[in-house]
Amino acid sequence: MNKSNFMNAAEQMQEKLGPALCLAKWKQVSLHLPTGLNNSCYHPPLHKIPVEGLKENPGQLHNTPHKKQQRQIMLRNERPSECSYCWNMEDLGKLSDRHYRSGEPWAANDYDVIKNSTGLEDDIVPTYVEVNFNHACNLKCSYCSPQFSSSWQDEVDRHGGYPTTTTHNDPSHFTGRNRPIPVRELNPYVDAFWEWWPTLYPKLRHFRMTGGEPLLDKNTYRVFDYVLALPKPDLHLNVTSNFSVETALFEKYIDYVKRLCNTNIEHFMQYVSLDSANAPQAEYIRHGLNFDRMYRYVHEYLDKVPNRNSLTFIVTMNNLSVTGFQSLMEVILELRKMYSKTYQRVWFDTPVLRQPVWQSLQILPEAYAGILERTADWMELNLETEDDPFHGFKDYEVQRLRRDIAWMREGQKNDNSLIKADFYRFFNEHDRRRNTDFLKTFPEMRAWWQECEYHAKKL
């Protein structure tokens with residue numbers, strides 16, 4: 001089979017970028033407005049956006065002093081330490097996300113300008129923007145925090161943090177500058193965003209709203225109204241949701257999406273967060289998820305939204321998603337066969353979870369890497385073909401999974417005893433607080449649970 005255009009573009013950009021340059025440092029931004037934090041993609045740690053000067057120059061939401069410093073490091077052909085995930089992948093001989101992202105048109109088109117820049121410019125307008133406007137959320141995903149979920153905040157306010165080695169989600173941490181600004185309070189970062197929006201919007205190629213839960217956020221519909229009034233033919237508009245909101249709200253949302261897809265925007269991408277096709281396991285990992293409702297909404301979206309759209313499952317690769325991963329791939333393959341006719345409407349992505357470390361793939365035994373290897377081999381047997389282009393897997397989808405497996409095995413070389421102990425301490429407390437049962441939900445992981453319990457009681 002010939003390589004996909006996406007894979008070819010990443011490989012070509014690999015040659016151009018050299019050892020350190022990543023165009024996403026200039027052209028992409030993730031804005032976390034409830035806490036005033038920023039990163040260029042989801043791999044580097046979040047850093048603070050200085051509130052000073054935002055009124056005069058709201059573009060500082062993206063062009064922070066920290067980010068300018070990182071740009072200068074890259075232009076010197078040095079690797080910023082905050083981008084260690086990509087460096088680790090490349091040192092393992094894999095394409096990294098800097099190759100994939102920089103190879104996409106929204107970034108690649110500005111390669112020459114960026115390559116010849118100083119890194120100090122104030123007026124870089126990003127073309128790929130992700131934003132969460134507030135942390136209101138109806139779920140308490142096991143790997144989330146009060147910064148991104150009001151439900152998590154409510155829990156730790158009532159019960160305190162979790163008894164891991166360093167108290168996890170300790171409510172005392174989420175005070176002062178680290179406290180998410182509630183939607184009912186004035187937020188200078190949200191105000192600055194809307195001041196910046198008329199400058200930002202004409203340049204946008206991809207705009208993605210995350211959360212929290214965007215379907216609960218009034219700013220989501222404010223963006224929709226703006227786009228309906230002034231649709232852009234090169235705009236990819238994207239929303240990430242847990243698809244577990246009440247029916248009336250979903251109907252309001254889907255009506256907006258239908259109208260948006262009947263304008264001349266280029267594409268609407270619906271992201272749905274899901275880590276397993278096993279309903280009890282999916283609901284355990286993402287506490288509050290209504291699996292049946294979510295799956296019904298997936299079909300309703302794919303049935304009722306007429307054109308210019310697709311749906312991507314975001315599969316956060318954590319150690320609870322491994323045993324059910326292939327069954328989820330089988331569901332995705334079936335959905336592709338049902339709904340992808342003239343173009344690919346059903347996608348998935350497999351970003352790896354790095355924090356909290358006790359949910360990382362890297363602490364699992366080799367047998368679990370073997371499970372994912374067998375899934376990757378199965379995917380290789382079910383690649384799309386030129387004669388049947390939308391009903392199999394893409395070459396880069398398999399490559400990304402194998403990349404995750406390689407990263408997983410790197411961590412297995414370490415002594416993870418303390419982290420395994422924290423796995424048990426966290427989920428034992430999770431079961432107590434949330435009336436869940438790990439062993440009933442993941443019976444195939446009994447030996448792993450017992451190993452973690454041993455370390456927790458020994459240390």
Side-chain angles (χ1 to χ4, degrees), residues 29-39 41-42 44-49 51 54 61-62 129-162 167-194 197 207-224 238-246 249-250 253 271-275 285-290 294 314 316 318 351 353-356 359 430 433-434:
V29 63
S30 293
L31 296 172
H32 302 268
L33 300 183
T35 49
L37 297 172
N38 165 330
N39 53 5
C41 71
Y42 61 84
L46 292 160
H47 66 272
K48 292 181 180 178
I49 303 167
V51 72
L54 272 182
L61 287 169
H62 173 45
V129 175
E130 298 180 3
V131 61
N132 71 302
F133 290 102
N134 75 67
H135 75 314
C137 188
N138 54 332
L139 266 59
K140 293 183 287 187
C141 301
S142 54
Y143 42 73
C144 197
S145 79
Q147 286 186 317
F148 304 104
S149 167
S150 55
S151 296
W152 250 111
Q153 183 171 10
D154 291 343
E155 178 183 299
V156 298
D157 285 346
R158 290 197 308 272
H159 302 292
Y162 276 66
T167 303
H168 182 61
N169 283 345
D170 187 340
S172 66
H173 175 74
F174 301 100
T175 58
R177 184 63 179 76
N178 294 322
R179 169 181 170 269
I181 301 171
V183 67
R184 63 183 177 275
E185 297 183 13
L186 292 176
N187 184 327
Y189 305 101
V190 174
D191 291 344
F193 174 86
W194 286 113
W197 178 247
F207 184 71
R208 179 174 176 181
M209 290 177 280
T210 65
E213 171 49 55
L215 273 61
L216 300 173
D217 188 353
K218 65 181 181 181
N219 290 286
T220 300
Y221 305 100
R222 182 174 175 181
V223 169
F224 285 173
N238 314 319
V239 177
T240 303
S241 174
N242 57 50
F243 263 26
S244 284
V245 298
E246 296 298 327
L249 182 55
F250 183 76
Y253 174 76
Y271 290 92
V272 178
S273 303
L274 183 66
D275 301 327
I285 299 168
R286 302 178 62 79
H287 190 81
L289 172 71
N290 184 319
M294 176 277 303
I314 297 296
T316 302
N318 68 92
L353 178 80
R354 290 191 288 164
Q355 295 291 336
Q359 279 192 257
H430 180 288
R433 289 189 186 187
R434 300 184 181 182

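Quick caveat: nothing in here was measured; it's all calculated off a predicted structure. Keep in mind that the numbers below use all heavy atoms, side chains included, and drop hydrogens, waters and symmetry copies.
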Exercise. Find out whether the Lys NZ or Arg CZ of Arg433 is both under 6.0 angstrom from the six-membered ring centre of Trp152 and within 45° of the ring's axis.
Key: no

Exercise. Would you check if there is a donor-acceptor pair between the side chains of Glu213 and Asn242 at a distance under 3.5 Å?
Key: yes

Practice problem: Might you point out which heavy atoms bring Pro180 and Gln147 nearest each other, and give the distance in Å? | Solution: CG-CA, 3.8 Å

Exercise. Kindly compute the distance separating CG (Asn138) from CG (Leu289), expressed to the nearest 0.5 Å.
Key: 9.0 Å

Quiz prompt | Thr316 versus Asn318, side-chain donor and acceptor atoms under 3.5 Å | solution = no

Quiz item: What salt bridge (charged side-chain N to carboxylate O under 4.0 Å, His left out) pairs are there with at least one residue in residues 131-148, not counting sequence neighbours?
Solution: Lys140-Glu155

Quiz item: Does Asn238 have any side chain to side chain donor-acceptor pair (under 3.5 Å) partners at least two apart in sequence or in another chain, and if so, which?
Solution: none

Practice problem: For Phe148, enumerate each residue passing the ring-ring contact (aromatic ring centres under 6.0 Å, His included) test, keeping only those at least two apart in sequence or located in another chain. | Solution: His32

Quiz item: Taking all atoms of both residues into account, what is the closest heavy-atom pair of Ile181 and Pro188, and its distance?
Solution: CD1-CD, 4.3 Å

Self-check item: Nearest non-hydrogen partners of His135 and Pro34, listed with the distance
Solution: N-CG, 3.7 Å

Quiz item: Between Arg222 and Trp194, is NZ or CZ placed under 6.0 angstrom from the six-membered ring centre and within 45° of the ring axis?
Solution: yes

Exercise. Would you check if there is a donor-acceptor pair between the side chains of Tyr143 and Arg354 at a distance under 3.5 Å?
Key: no

Practice problem: Look at the aromatic rings of Phe250 and Tyr253 and report parallel, tilted or perpendicular, splitting at 30° and 60°. | Solution: tilted

Self-check item: Rounded distance (nearest 0.5 Å) linking atom OG of Ser145 with atom CD of Gln355
Solution: 11.0 Å

Self-check item: Nearest non-hydrogen partners of Pro351 and Ile314, listed with the distance
Solution: CG-CG2, 4.2 Å

